[in-house]
Amino acid sequence: MIRLRIQLTHWPRRALILTDTPRPNCRMCDGEGGANRDYGDPETGEYAGTDWEPCACWDENRRYVLMPLPRRARWLRRRDTGCDPWAPGGYSDEPPF
């Protein structure tokens with residue numbers, strides 16, 4: 001059974017996608033989708049990093065694009081800093097009425 005959720009992705013283009021989620025009652029991963037496994041350097045035996053081992057209850061590559069989202073027009077993008085240009089020094093200390 002597929003458990004889907006909606007996500008926003010930014011690469012390679014902004015889009016809404018459906019992704020698979022781990023089975024919440026999985027006995028192997030407790031609903032996390034996998035487990036971290038620490039490993040050491042074979043020569044010294046000291047910590048060298050962590051590997052992520054995905055669980056069989058979840059396919060992290062299963063994604064379906066719902067719809068690509070449009071890019072904002074150049075004239076709609078923000079170009080200002082958010083300061084009041086008419087205030088002295090670009091900053092106003094008076095309350096907005």
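This one's a predicted model, so the numbers in the text were calculated from it and none came from an experiment.
With sequence neighbours left out, Arg37 forms a salt bridge (Lys or Arg N to Asp or Glu O under 4.0 Å) with Asp51, Glu53.
At a threshold of 4.5 Å between side-chain heavy atoms, the hydrophobic network of Ile, Leu, Val, Met, Phe, Trp and Tyr places Tyr64 and Leu66 in one connected group.
Using modelled atom types and a 3.5 Å distance limit, the side chains of Thr50 and Asn36 yield no donor-acceptor pair.
Distance check, rounded to the nearest 0.5 Å: CZ of Arg23 to SG of Cys55 gives 7.0 Å. Here CD of Glu60 is found 13.0 Å from OG1 of Thr21. Values are rounded to the nearest 0.5 Å. Separation of atoms CD1 (Ile6) and CD1 (Ile17) is listed at 10.5 Å; rounding is to 0.5 Å.
The heavy-atom pair separating Arg63 from Thr19 by the smallest distance is CG-CG2, 3.8 Å. Scanning both residues, Val65 and Ala15, for their nearest heavy atoms gives CG1-CB, 4.3 Å. Taking every heavy atom of both residues into account, Cys29 and Gly34 meet most closely at CB-N, 3.6 Å.
The neighbour count for Leu8 CG, taken as heavy atoms of other residues, nucleotides or ligands under 6.0 Å away, is above 12.
The closest donor-acceptor contact from the side chain of Trp58 to the backbone of Asp20 lies under 3.5 Å.
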